[in-house]
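Everything quoted here is computed from the prediction, not taken from an experiment. Because only heavy atoms are used, hydrogens play no part in the values below, and waters and symmetry mates are left out as well, while side chains stay in.
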Amino acid sequence: MSPVLLSQRHFDKDAPVDKCVLASMRWGLVPSWFKESDPSKMQYSTSNCRSENILQKKSYKDPMLKGQRCVILADGFYEWQKVEKGKQPFFIYFPQTQSGPSQEKRKNSDSESVRPPAKASSGLMKGGEAAGEWTGWRLLTMAGVFDCWTPPGGGEPLYSYSVITVNASQNLQSIHDRMPAILDGEEEVRQWLDFGEVKSLEALKLLQSKNILTFHPVSSFVNNTRNNSPECLQPVDLNSKKEPKSTASSKMMASWLSSSSPSKRKESHTSESKEEQESKPLNQRKSAGGLQQWLQGTNKKPRTK
């Protein structure tokens, strides 16, 4: 289960055009027409769907044409590069930079609606060192498609999604040949979610390979799914056991890891069971802990058109 952003108009036809909500959805789309009583009985993976085939496969075509588009939020994602002795994992994410006065002004604006920031968030530095106020890690905004499945015998509906993928950008091709379709900035996010104004074929044009992400190698510690700690994100030097030369983004990553509470980050993934999350109304479910600072001000009045 993970936090997903979508238009509130999927639940309320009278909602303002730019009003968005966070929902907790299962990763791995379960089609609405799936007839088994247990989603785990699906015989094929729906974690990712290729942008090239999205209108050719029924599982994705139906929700795509219905406008069931969403944005998956995450700190970043992992990919494994094939090397001589196996596979080397990398953590891939938006470059992180300091925010300026314009971001602070935007944060305090009454017209702020629920959506990701247009620019990278403020520097991950200790108090007093950053040029602007800390507004949180700049989250990846990945394009996705979702569906709602109800058990044949009745019961709670399950919302689930797939991440849409495209060919890897030039700087990521040496790691892997595919990457998530990244929506860069408020306007692309708005267009992707606005299924009323932006029709499906037009929205698909947003799904392009974009050379806008940065990355660093991490330890094979991340290969074990039971490991869920800051060590999964810690940069490593592939040529030496010594500390690697830090880039601006990796310095900020290290500062974030040292100043942020691992227990709080872990709590965001473990505080609720799947059943507890699914039993709540979508617009009342808890967001991941890393989203809470970003979501400050979401109760303010949304913009209307």
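Of all heavy-atom pairs spanning F77 and P180, the tightest one is CZ-CD, 3.4 Å. Heavy atoms only, all atoms of each residue included: R178 and R50 are closest at NH1-NH2, 3.3 Å. Shortest non-hydrogen contact noted between S169 and N171 is OG-OD1, 2.7 Å. Nearest heavy atom pair, residue W27 against residue S47, reads NE1-O, 2.9 Å. Heavy-atom minimum distance, C232 versus N227: SG-O, 3.6 Å. Across every non-hydrogen atom of G144 and I72, the tightest pair is CA-CD1, 3.5 Å.
S24 has its side chain out of reach of Y159: every pair of non-hydrogen atoms, C-beta onward, lies at least 4.5 Å apart. Contact check for L213 versus L140: side-chain heavy atoms found under the 4.5 Å cut-off. In this structure, Q68 and D62 have side chains that are not in contact, with every pair of non-hydrogen atoms separated by 4.5 Å or more. In this structure, V222 and F90 have side chains that are not in contact, with every pair of non-hydrogen atoms separated by 4.5 Å or more. Side chains of K61 and Q56 form no contact here, defined as non-hydrogen atoms less than 4.5 Å apart. A heavy-atom distance below 4.5 Å is found between the side chains of L65 and L55. Put simply, the side chain of L204 reaches to within 4.5 Å of the side chain of M64, judged on heavy atoms. Side-chain contact between D75 and L139 is present, with at least one heavy-atom pair separated by less than 4.5 Å.
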Let's go through E202 and R69 carefully: what are the C-alpha distance in whole Å and the side-chain angles of both, what is the deciding distance for salt bridge (charged side-chain N to carboxylate O under 4.0 Å, His left out) to 0.1 Å, and is it a yes or a no?
CA-CA 13 Å; E202 190 67 23; R69 308 193 297 259; over 6 Å; no
Residues L6, V71; criterion side chain to side chain contact (heavy atoms under 4.5 Å, CB included); working and verdict
CA-CA 6 Å; L6 69 162; V71 176; over 6 Å; no
Under the criterion side chain to side chain contact (heavy atoms under 4.5 Å, CB included), I'd like the reasoning laid out for K210 against E188: C-alpha separation, chi angles, the key distance, then a yes or no.
CA-CA 13 Å; K210 296 169 184 171; E188 289 195 4; 2.4 Å; yes
Side chain to side chain contact (heavy atoms under 4.5 Å, CB included) between Q191 and L206, worked out:
CA-CA 9 Å; Q191 291 184 49; L206 295 169; 3.8 Å; yes
One pair to check against side chain to side chain contact (heavy atoms under 4.5 Å, CB included): E79 and M179. What are the steps and the verdict?
CA-CA 9 Å; E79 195 53 84; M179 67 180 289; over 6 Å; no
Apply salt bridge (charged side-chain N to carboxylate O under 4.0 Å, His left out) to the pair R138 and D184, showing each step before the final yes or no.
CA-CA 11 Å; R138 186 191 179 191; D184 186 21; 3.1 Å; yes
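Taking the six-membered ring wherever Trp is involved, the centroid distance between the rings of F195 and H10 falls below 6.0 Å.
Hydrophobic clustering (ILVMFWY, side-chain heavy atoms < 4.5 Å, transitive): L201 and W192 are in one cluster. In the hydrophobic clustering of this structure, L233 groups with L238; members are Ile, Leu, Val, Met, Phe, Trp, Tyr whose side-chain heavy atoms approach within less than 4.5 Å, directly or through other members. The hydrophobic cluster containing V198 does not contain L207, counting ILVMFWY residues as joined when their side-chain heavy atoms lie under 4.5 angstrom apart, directly or transitively. Hydrophobic clustering, with ILVMFWY side chains joined whenever heavy atoms are under 4.5 angstrom apart, groups I92 together with I212.
Formation of a donor-acceptor pair under 3.5 Å by the T214 side chain with backbone atoms of P95 is not found in this model. Judged by distance alone, with hydrogens and angles left aside, the side-chain atoms of S32 form no donor-acceptor pair with the main-chain N or O of D147 at under 3.5 Å. With hydrogens and angles disregarded, a donor-acceptor distance shorter than 3.5 Å links the side chain of S209 to the backbone of N167. With hydrogens and angles ignored, the 3.5 Å screen pairs a side-chain donor or acceptor of S160 with a backbone N or O of V30. Between the side chain of Q96 and the backbone N or O of F94 there is at least one donor-acceptor pair closer than 3.5 Å. With E36 contributing its side chain and M42 its backbone, the two residues share no donor-acceptor pair below 3.5 Å.
Taking CG of D14 as the reference point, atom CD of Q8 lies at 10.5 Å (rounded to 0.5 Å). The line from OG1 of T165 to CD1 of I54 is 9.5 Å long, rounded to the nearest 0.5 Å. Rounding to the nearest 0.5 Å gives a distance of 10.5 Å between CZ of R26 and OH of Y161. Rounded to the nearest 0.5 Å, atoms CZ (F215) and OH (Y78) are 15.5 Å apart. To the nearest 0.5 angstrom, D18 atom CG is 8.5 Å from D194 atom CG. Note: S219 OG to E231 CD = 5.5 Å, rounded to the nearest 0.5 Å.
Note: F91 and Y93 have parallel aromatic rings, judged against thresholds of 30 and 60 degrees for the angle between ring planes. Ring-plane geometry between W149 and F34 is classed as tilted, the angle between the planes lying from 30 to 60 degrees on a 0 to 90 degree scale.
By the neighbour-count criterion of 12 heavy atoms within 6.0 Å, atom CH2 of W80 is densely surrounded, having more than that number from other residues, nucleotides or ligands. More than 12 heavy atoms of other residues, nucleotides or ligands lie within 6.0 Å of CD in E187, so this atom counts as buried by the packing criterion.
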